[in-house]
Amino acid sequence: MITSLDPLLQTERLETRVGGATILVRKLFGGSYMLEGRNASGWQVVCQYQTTTEEAAQAFDKFVSEFRAYLDRQKKSPVAVNNDHGALL
C-alpha cells in the first residue's frame with residue numbers, strides 16, 4: 001500500500017522531517033516529480049526524479065522508512081561521526 005499517494009494527488013507536495021533531515025517530494029512543471037532529501041544543515045543529499053505520481057509516492061514512503069531505519073541503527077551504534085556538512089557518516 002502506498003500511504004502517501006492520496007495526499008500527493010491532492011496537494012502535489014509531501015514533506016516530512018526525520019531526525020533533523022527534511023524529505024520532500026513535489027510536482028514539477030511538466031508533470032514529473034522530484035524527491036529531495038536535505039540534512040539538518042540544509043545540504044541536499046538525495047535528489048531523484050520520478051515520472052508518475054505513484055512512483056513518487058512509493059519513493060517518498062520507501063526513503064522515509066529507510067532513513068528512519070538508518071537513524072535507529074545509528075542510535076544503537078556507539079560510533080556516529082559528523083562530517084563538516086553535518087551529515088552522518
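These numbers come from the heavy atoms of this one structure, side chains and all, not from hydrogens, waters or symmetry mates. Predicted, not measured: the structure shown is a model, and the values here were computed from it.
Scored by the side chain to side chain donor-acceptor pair (under 3.5 Å) test, Gln10 finds no partners at all (sequence neighbours excluded). Residues passing the side chain to side chain contact (heavy atoms under 4.5 Å, CB included) test with Phe67, sequence neighbours excluded: Val18, Ala21, Ile23, Tyr70, Leu71. Applying the side chain to side chain contact (heavy atoms under 4.5 Å, CB included) criterion to Lys62, with sequence neighbours excluded, gives Glu66. Considering only residues two or more places apart in sequence or on other chains, Ala57 meets the side chain to side chain contact (heavy atoms under 4.5 Å, CB included) condition with Ile2, Ser4, Leu5, Leu8. Residues that satisfy the side chain to side chain contact (heavy atoms under 4.5 Å, CB included) test with Gln44, not counting sequence neighbours, are Glu36, Arg38, Cys47. Listed by chain and residue number, Gln48 satisfy the side chain to side chain donor-acceptor pair (under 3.5 Å) test with Gln50 (two or more places apart in sequence, or in another chain). By the salt bridge (Lys or Arg N to Asp or Glu O under 4.0 Å) test, Glu54 pairs with no residue at all, sequence neighbours left out. Applying the salt bridge (Lys or Arg N to Asp or Glu O under 4.0 Å) test to Arg17 and every residue at least two apart in sequence or in another chain returns nothing. When the side chain to side chain donor-acceptor pair (under 3.5 Å) test is applied to Thr51, the partners found at least two apart in sequence or on another chain are Glu55. Residues that satisfy the side chain to side chain donor-acceptor pair (under 3.5 Å) test with Arg13, not counting sequence neighbours, are Glu15.
Although no hydrogens or angles enter the test, the distance criterion places no donor-acceptor pair under 3.5 Å between the side chain of Ser65 and the main chain of Asp61.
Going from atom CG of Leu35 over to atom CG of Leu24 covers 8.0 Å, rounded to the nearest 0.5 Å.
If you chain together ILVMFWY residues whose side-chain heavy atoms come under 4.5 Å of each other, Tyr49 ends up grouped with Leu28, Met34.
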Verdict with reasoning, Thr16 to Arg68, per side chain to side chain contact (heavy atoms under 4.5 Å, CB included) = CA-CA 12 Å; Thr16 191; Arg68 284 187 175 135; 4.3 Å; yes
